[in-house]
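Let me begin by presenting the structure, written as structure tokens, before commenting on it.
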Amino acid sequence: MKKKIILSAALATVILMGSLFARGHFGGSGRPVTIPEKNSAKTMTEAVTAAAGGNWGLCFQKDGQVPVGNATAEYLKQFHAWYVGPEEKSIWLTFDAGYENGYTEEILNVLKEEKVPAAFFLVGNYITENPDLVNRMVKEGHIVGNHTMHHPDMSEISEKEAFQKELADLETAFQQVTGAKMKKYYRPPQGKYSEANLKMADELGYTTIFWSLAYVDWLQDSQPTREEALNVLNRRIHPGAIVLLHSTSKTNSQILQELIQGWKKEGYVFRSLEELK
């Protein structure tokens with residue numbers, strides 16, 4: 001999948017950016033999601049119902065606290081899926097990448113200097129076109145996760161054979177580049193999923209990883225400023241956060257060390273997905 005494909009999927013979100021920053025409602029593709037504002041029994045019922053299919057989405061009801069997802073943590077766990085970790089001062093740092101934009105090397109430099117583990121969810125063309133970076137990720141102890149071979153809308157795939165092929169083809173590409181077997185962590189492209197997808201991923205031995213903190217960082221020609229990025233991320237960090245950033249973001253490469261050091265000062269510990277239990 002090339003850069004233009006990813007960017008075209010995101011362009012429709014430009015006009016929504018202001019409301020997303022202000023209200024905190026967004027899914028994997030940047031689209032707003034409808035989640036009731038109050039943490040009531042009705043909220044939880046509607047959240048679980050929404051999990052049958054659609055875009056992953058969050059509602060940040062209060063800064064510093066775990067947001068409400070459109071599926072509960074308890075619901076997801078039956079499929080070995082996660083959007084938030086145990087509510088302790090731990091952070092799971094993850095990056096998505098559909099192409100290389102020249103910033104991953106600096107991100108890896110910061111992670112190495114700060115001794116922070118991360119997971120990189122990659123697509124097929126990234127792995128085949130950037131073998132040196134992929135091998136560096138593995139060598140330095142990071143997880144390379146499965147973001148599918150072609151970045152399709154996986155929620156539209158109902159046949160297990162087709163679903164498995166998207167994951168298996170990426171596993172093959174990864175093994176050809178690194179000589180290692182891919183660890184079985186899966187992130188649905190754009191956060192689009194269905195209950196059937198969750199079941200299929202689980203049956204294939206995958207842990208599905210959503211997120212509990214993200215922001216609009218993927219628009220190459222409309223990057224947030226340092227101040228905007230730090231404001232959103234620092235206000236909304238919370239115990240057990242699974243943080244999604246895009247390694248294609250220039251802003252992320254510039255703020256990452258400051259972000260990590262600030263969270264460490266707040267008492268947070270960075271953990272690998274392998275510690276997510």
Side-chain angles (χ1 to χ4, degrees), residues 1 9 13 24-61 66-87 92 94 96 98 119 121-123 143 145-171 182-214 240-244 273 276-277:
M1 180 189 58
T13 69
H25 296 70
F26 53 89
S29 61
R31 298 183 182 90
V33 296
T34 303
I35 299 177
E37 290 292 337
K38 295 190 180 294
N39 192 5
S40 61
K42 181 180 179 182
T43 301
M44 294 299 102
T45 301
E46 292 181 6
V48 172
T49 302
N55 286 6
W56 179 247
L58 301 168
C59 178
F60 290 87
Q61 298 178 324
V66 175
V68 175
N70 65 345
T72 66
E74 291 72 22
Y75 171 86
L76 292 173
K77 281 181 183 178
Q78 66 184 307
F79 307 107
H80 296 98
W82 299 77
Y83 89 94
V84 65
E87 291 189 38
W92 284 266
T94 71
D96 284 5
F121 287 91
L122 308 179
V123 298
I143 288 173
N146 202 319
H147 205 33
T148 73
M149 189 68 185
H150 301 105
H151 204 267
D153 179 351
M154 296 293 277
S155 68
E156 293 185 353
I157 298 179
S158 58
E159 296 180 359
K160 187 175 180 179
E161 183 178 355
F163 183 91
Q164 182 175 10
K165 181 173 173 55
E166 273 294 329
L167 301 182
D169 285 355
L170 192 79
E171 292 173 4
M182 174 170 271
K183 294 179 179 179
K184 293 208 167 187
Y185 294 93
Y186 161 63
R187 173 165 285 160
Q190 299 185 67
K192 293 183 177 181
Y193 72 103
S194 67
E195 185 174 278
N197 290 164
L198 295 175
K199 290 178 180 178
M200 287 187 282
D202 189 26
E203 290 169 358
L204 293 169
Y206 271 91
T207 298
T208 299
I209 304 293
F210 292 104
W211 57 90
S212 63
L213 178 57
I242 298 177
V243 180
L244 163 60
L273 290 181
L276 193 57
K277 298 176 181 179

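Below, each value reflects all heavy atoms present in this structure, side chains not excepted, and no hydrogens, waters or symmetry copies. Quick caveat, the model's predicted, so the values are computed rather than measured.
Between atom CE of residue Met149 and atom CG of residue Leu122 there is a gap of 11.5 Å, rounded to the nearest 0.5 Å. Distance check: Asn55 CG to Gln190 CD gives 7.5 Å after rounding to the nearest 0.5 Å.
Using a 4.5 Å cut-off on side-chain heavy atoms (C-beta onward), Glu159 and Gln164 make no contact. Side-chain contact check for Asp96 versus His147: some heavy-atom pair is nearer than 4.5 Å. Annotation: side chain of Ile242 is not in contact with side chain of Leu213 (no heavy-atom distance under 4.5 Å). For the pair Gln61 and Val68, the minimum side-chain heavy-atom distance is below 4.5 Å. When side chains are defined from C-beta on, Ile209 does not count as touching Trp92, because their heavy atoms never get closer than 4.5 Å. In this structure, the side chains of Cys59 and Pro67 stay at 4.5 Å or more apart for every pair of heavy atoms.
Considering only residues two or more places apart in sequence or on other chains, Glu203 meets the salt bridge (charged side-chain N to carboxylate O under 4.0 Å, His left out) condition with Lys160. In this structure, the ring-ring contact (aromatic ring centres under 6.0 Å, His included) partners of Phe163, at least two apart in sequence or on a different chain, are Tyr186. Residues meeting the salt bridge (charged side-chain N to carboxylate O under 4.0 Å, His left out) test with Asp202, sequence neighbours left out: none.
Pairing each heavy atom of Ala241 with each of Ser212, the nearest pair is CA-OG, 3.4 Å. The shortest non-hydrogen separation linking Leu273 to Thr94 is CD2-CG2, 4.5 Å. The shortest non-hydrogen separation linking Met154 to Pro189 is CG-CD, 3.7 Å.
Distance alone, capped at 3.5 Å, places no donor-acceptor pair between the Asn70 side chain and the Leu58 backbone. A donor-acceptor pair under 3.5 Å is formed between the side chain of Gln78 and the backbone N or O of Tyr75. Distance alone, capped at 3.5 Å, places no donor-acceptor pair between the Thr148 side chain and the Glu166 backbone. No donor-acceptor pair under 3.5 Å is formed between the side chain of Ser155 and the backbone N or O of Lys192.
By the 6.0 Å contact criterion, NZ on Lys184 is enclosed, its count of non-hydrogen atoms from other residues, nucleotides or ligands being greater than 12.
Neither side chain, Asn146 nor Tyr185, offers a donor N or O lying under 3.5 Å from an acceptor on the other. Counting only N and O atoms by type, the side chains of Thr208 and Arg187 include no donor and acceptor under 3.5 Å apart.
Trp82 and Phe210 have their aromatic ring centers separated by at least 6.0 angstrom.
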Worked verdict on Trp211 versus Tyr83 for ring pair (Phe, Tyr, Trp, His ring centres under 6.0 Å)
CA-CA 4 Å; Trp211 57 90; Tyr83 89 94; 9.7 Å; no
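Look at Lys199 and Glu195 and you find a salt bridge, because one of the NZ, NE, NH1 or NH2 atoms lies within 4.0 Å of a carboxylate O, short of that distance.
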